[in-house]
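Just below is one structure, and these are the notes that go with it.
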Amino acid sequence: MKNPPEQRSARAFGPVPSRCLGRSLGINNIPPKVCSYSCVYCQLGRTIALEIERRSFYQPEEIQQDVLERVARARRLGEPIDYLTFVPDGEPTLDSNLGREIELLRPLGIKIAVISNGSLVWREDVREELGKADWVSLKVDAVREEPWRRINRPHPALRLGSILEGMRAFARAYKGKLATETMLVRGLNDGEEDLTEVAGFLAELEPSRAYLAVPTRPPAEGWVEPPDEERINQAYQVLREQLEHVELLIGYEGNAFAFTGNVEEDLLSITAVHPLREEAVRELLAKAGADWQVVRKLIDADRLVELEYRGRKFYMRQVGGRLGL
Ligand code: SF4
């Protein structure tokens, strides 16, 4: 869910449209690239400084000033802002001023989000500071040691068990909206067994949304690939068995709830978020007074794919922007 580097500036950037957060003004409270993980799919490249000690990177007032200027500019231009989002060039909770920064931004009256890898939530101070935000996303790519190490390449002092326990504690106490993000990487965490375990853990957290993402921009490691659509649909279905709200992030800013009246566009934007069963597709076509020809045409144009899962047919938008190459 990070924004592409070309849209970023020093410590505040945007607002940019975000599927999860509407129009989001990004806050970059960590210089490139300080992180507790070095994920194989990271679009910011390999981690330069692999760290877990929290420290101060900027004065909180500097961040506040940059955000104030950006907000004033957006307001002058009549651009709405739905969220101020901490989505830096590294892990936002490494910033020991995070809580103070959230407090300084509160008077703006705009909701605040933090997109974190969750690796430091075993710390009480991190849970407390994240708790001040209105929306928090935690990364859960794997709940088993081996895939976790292979995908996220954590700092050697991190312990997966403590992280998962910290996430449980945070989810229990958190009053805001909790989201989770699981990045699927072909051959690393896209097997049914791994996904069932991830789904079980996510169900314990009861997130308001569980996002399933695939790498769609050039990753840190050139060999990283998204799973094929069959696997992505399988992952979606496995999570849906245990969780109410699951959404795909596969490279399109599809909005499953905004109908344009154009049946092709609606079908593509819905299936970019939720793979649809055949019956649901037929229903949608009937409402629009269209027939199955629309589906055939989209499949022939490689925009929609037909998939089978447990004897049922599903339709999903083809994965887009394959690694931006
Ligand atoms: S946690 Fe985020 S910033 Fe850090 S390496 Fe992974 S994807 Fe990149």
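Start at 1 and go down the list; that is how both ligands and their atoms are numbered. Residue numbers run from 1 in the order of the sequence given. Worth saying up front: this structure is predicted, and the values here are computed from it rather than measured.
- Look at Lys33 and you'll find a heavy atom under 4.0 Å from some atom of ligand 1.
- Remark: among candidates Pro32, Cys39, Pro92, Gly45, the nearest residue to atom 5 (S) of ligand 1 is Cys39, based on non-hydrogen atoms.
- Between atom CH2 of residue Trp148 and atom CG of residue Asn189 there is a gap of 14.5 Å, rounded to the nearest 0.5 Å.
- With ligand atoms numbered from 1 in the order given, ligand 1 contributes 1 (S), 4 (Fe), 5 (S) to contacts under 4.0 Å with heavy atoms of Tyr37.
- Of all atoms in ligand 1, numbered sequentially from 1 with element shown, those under 4.0 Å from a heavy atom of Lys139 are 1 (S).
- Salt-bridge annotation for Glu79 and Arg73: absent, with no side-chain N of the basic residue lying under 4.0 Å from a carboxylate O of the acidic one.
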Can you give the donor-acceptor pairs under 3.5 Å from side chains of residues 276-286 to other protein atoms, not counting sequence neighbours?
unit_1: Glu278; atom_1: OE2; unit_2: Arg282; atom_2: NE; d: 3.4
unit_1: Glu278; atom_1: OE2; unit_2: Arg282; atom_2: NH2; d: 3.0
unit_1: Glu279; atom_1: OE2; unit_2: Arg312; atom_2: NH2; d: 3.4

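- With a 4.0 Å heavy-atom cut-off, ligand 1 is reached by the backbone of Ser38 but not by any atom from C-beta on.
- Using bins of under 30°, 30° to 60° and over 60° for the plane-to-plane angle, the ring pair Tyr211/Trp135 lands in the tilted bin.
- With Glu91 contributing its side chain and Thr93 its backbone, the two residues share a donor-acceptor pair below 3.5 Å.
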